[in-house]
Amino acid sequence: MAPGLLSANATRKHKVTVIGSGNWGSTISKIVSENTKEHPELFEEEVQMWVYEEEVEYEGKTQKLTSIINTHHENIKYLPNIKLPTNLIANPSLEDAVSNSSILIFNLPHQFIHRICGQLKGKILPFARGISCIKGVNVTDEGVSLFSEWIGEGLGIYCGALSGANIASEIAAEKWSETTIAYDPPPMDNSRNPSRNATPRSGTPSRNSPRASADELSITPLAENQHRDVRGRISKTKLTPVPQEYPPLDHDTFKTLFHRPYFHVRMVSDVAGVSLGGALKNIVALAAGFVDGRGWGDNAKAAIMRVGLLEMVKFGHEFFGETISTGTFTEESAGVADLITSCMGGRNFRCAKKAVEKGISVQEVEQTELNGQKLQGTSTAAEVNSFLKQRGLEQDYPLFTAVHNILEGRNTVDDIPDLVART
Ligand SMILES: NC(=O)C1=CN([C@@H]2O[C@H](COP(=O)(O)OP(=O)(O)OC[C@H]3O[C@@H](n4cnc5c(N)ncnc54)[C@H](O)[C@@H]3O)[C@@H](O)[C@H]2O)C=CC1
Ligand SMILES: O=C(CO)COP(=O)(O)O
């Protein structure tokens, strides 16, 4: 960052907490800790990582995972053989880990986020800002929402999203990759340096949008105290501005926090597209594993990716059409690139493949092979299916529906070609 761009009033630094310490949580913690150390003008050097405490066997003794991480600087259970920076502190207390943090990075399997957010209410700084690295969707009777919006509304903060072609073990080994961060800074955070967020809002308002009136959408200028939710509507959440004593929380600051020589960041504003791509590709990756496990080869896998991408874009336009940009799916790491890497070597792909090869359930492979790591595709397939079923739309998403039905034992892999034949 050019020093001249930093506000002259910035006397405080941002404290960063990562909530979650799995395979990806530990990798992201490594990345941001390297950057807080390199940018003391913006960030406190020490990064807190909240760890769901576990007892693990290490050097012939049963020990707490946090004490192993803090002593040996390695998460031996979820990211073995990778040295973590010494300025990264593992903390088993959620409340203590988030205390006084102005940047909260949510990075845990999506099935645990409800309970964690419940515990965080009233415990975080009112002006904190979030980035969700979670790949999943939140389905309730009212509909489908993204964790970026669910966290933001639940905690009364603004929350962007990070997602991309990011198999954690490769990034932890510092092999080059790209990612996409979507952040549409609330104008109140931006008023000190409006020119610093040059990336335009992507996506165009949908003509048939059932959710937002045209004058609410991004064509309408916002008042100083307003901001948009991830669907482009004027948000009902009342935000507290980031105090002037802190460096602004904008695209430049987030890029400085996450970008590494081996982890290249592209900043965009389409939070819905980035969040949705990361969630839906996990369903497609299971399908890729199914056909690979059946021995059908690369042509079949490519067909799965083509159909899967079409369903991802269709789902985005149908349910988040107000703001979502097709380009997020087709041009960004968070879209097609994540789809490809996940269908080639992700955990969902690998477990689905092994399940077909061994004739056992994906859940059984998850239990026996992943040493506590969690698949997101199986629950996302069920959640998306329940949402589509309620609306009578299962037939419009034949691949998503087939994946759920195969997981439930109602279809077999051999049914896939006929089920997706019209797509
Ligand atoms: N691992 C990867 O390559 C990537 C993962 N992601 C996404 O990152 C998110 C986090 O995944 P990972 O870090 O890979 O997790 P993981 O699957 O490696 O680890 C599971 C985590 O859940 C925690 N946990 C277990 N029981 C819990 C409980 N009752 N309450 C709270 N936490 C509990 C464990 O301590 C552990 O930290 C997911 O949404 C995933 O899709 C995104 C990109 C890459
Ligand atoms: O999201 C990922 C890669 O970008 C990892 O996917 P898995 O959870 O299937 O390993």
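Each residue takes its place number in the sequence, starting with 1. Order of listing sets the numbers, starting from 1, for every ligand and every atom in it. Fair warning: this is a prediction, and the values are worked out from it, not measured in the lab.
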ask   = Is there a donor-acceptor contact under 3.5 Å from the side chain of Arg410 to the main chain of Ile406?
value = no
ask   = Where the side chain of Asn411 meets the backbone of Asn405, is there a donor-acceptor pair that is under 3.5 Å apart?
value =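 Not confirmed, Asn411 side chain does not pair with Asn405 backbone.
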Proximity flag [X] to ligand 1, non-hydrogen atoms under 4.0 Å:
X      : value
Gly372 : yes
Gly136 : no
Arg347 : yes

Number the atoms of ligand 1 from 1 as they appear, then name those within less than 4.0 Å of a heavy atom of [X], with their elements.
X      : result
Ile167 : 3 (O)
Arg115 : 28 (C), 29 (N), 30 (N), 31 (C)
Ile134 : 39 (O)
Ser21  : 37 (O)
Ala168 : 1 (N), 2 (C), 3 (O)

Does [X], backbone or side chain, put an N or O under 3.5 Å from an N or O of ligand 1?
X      : value
Ser169 : no
Ile116 : no
Asn282 : no

task = State whether Tyr397 and Lys314 meet the cation-pi test: NZ (Lys) or CZ (Arg) under 6.0 Å from the six-membered ring centroid, and within 45° of the perpendicular axis.
result =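 Because its charged atom sits under 6.0 Å from the ring centre and within 45° of the axis, Lys314 does stack over Tyr397.
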request  = Could you list the residues that satisfy salt bridge (Lys or Arg N to Asp or Glu O under 4.0 Å) with Glu394, not counting sequence neighbours?
outcome  =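 Here no residue qualifies.
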task = Using the side chain to side chain contact (heavy atoms under 4.5 Å, CB included) rule, pick out the option among Ile105, Asn35, Leu42 that qualifies with Val16.
result = Ile105
task = Go through the steps for Ser148 and Ser275 under the test side-chain hydrogen bond (donor to acceptor under 3.5 Å, both in side chains), then give the verdict.
result = CA-CA 7 Å; Ser148 37; Ser275 307; 3.0 Å; yes
Counting each atom of ligand 2 from 1 as listed, which ones have a heavy atom of [X] under 4.0 Å away?
X      : result
Lys135 : 1 (O), 2 (C), 3 (C), 4 (O)
Asn348 : 7 (P), 8 (O), 9 (O)
Gly164 : 4 (O)
Asn166 : 3 (C), 4 (O)
Gly346 : 9 (O), 10 (O)

Under 4.5 Å between any side-chain heavy atoms of [X] and [Y], yes or no?
X      : Y      : value
Cys159 : Glu153 : no
Leu276 : Val137 : yes
Phe258 : Ile28  : yes
Phe263 : Thr179 : yes
Ile151 : Ile134 : yes

key: Option of least heavy-atom distance to atom 35 (O) of ligand 1 (set: Glu54, Glu53, Glu170)   = Glu54
ask   = Considering only heavy atoms, which of Lys374, Lys281, Arg350, Gln373 lies nearest to atom 6 (O) of ligand 2?
value =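 Comparing heavy atoms across Lys374, Lys281, Arg350, Gln373, the nearest one to atom 6 (O) of ligand 2 lies in Lys281.
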Given Glu55, Glu53, Glu57, the one that forms salt bridge (charged side-chain N to carboxylate O under 4.0 Å, His left out) with Lys64 =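 It is Glu55; the other options fail the test.
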Report all side-chain donor-acceptor pairs from residues 354-367 shorter than 3.5 Å, counting only partners two or more places apart or in another chain.
unit_1, atom_1, unit_2, atom_2, d
Lys354, NZ, Glu369, OE1, 3.3
Ser361, OG, Glu364, N, 3.0
Glu366, OE2, Leu375, N, 2.7

note = Checking Asn348, Asn282, Asp338 against Lys135 for side-chain hydrogen bond (donor to acceptor under 3.5 Å, both in side chains), the one that qualifies is Asp338
Any atom of ligand 2 sitting under 4.0 Å from a heavy atom of [X]?
X      : answer
Ala168 : no
Ala285 : no
Gln376 : no

inquiry  = Give me the residue, atom name and distance of the protein heavy atom closest to atom 8 (O) of ligand 2.
reply    = Arg347 NH2, 3.1 Å
request  = Starting from atom 17 (O) of ligand 1, locate the nearest protein heavy atom and write down its residue, its atom name and how far away it is, to 0.1 Å.
outcome  =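 The closest one turns out to be Lys374 N, 2.6 Å.
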message = Just checking Lys123: does its NZ atom have more than 12 heavy atoms from other residues, nucleotides or ligands closer to it than 6.0 angstrom?
response = yes
Centroid separation Phe254 to His259 less than 6.0 Å = no
task = Show your reasoning for whether salt bridge (charged side-chain N to carboxylate O under 4.0 Å, His left out) applies to Glu44 and Lys15.
result = CA-CA 5 Å; Glu44 287 184 16; Lys15 180 180 167 192; 5.6 Å; no
request  = Answer side chain, backbone, both or neither: which part of Asp338 comes under 4.0 Å from ligand 2, heavy atoms only.
outcome  =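 For Asp338, only side-chain atoms sit under 4.0 Å from ligand 2.
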Relative to ligand 1, is [X] under 4.0 angstrom through side chain, backbone, both or neither, heavy atoms considered?
X      : result
Cys133 : backbone
Asn23  : both
Tyr78  : side chain
Gln373 : both

query = Do any nitrogen or oxygen atoms of Thr341 come within less than 3.5 Å of a nitrogen or oxygen of ligand 2?
reply =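 Min N/O separation from ligand 2 is not below 3.5 Å for Thr341.
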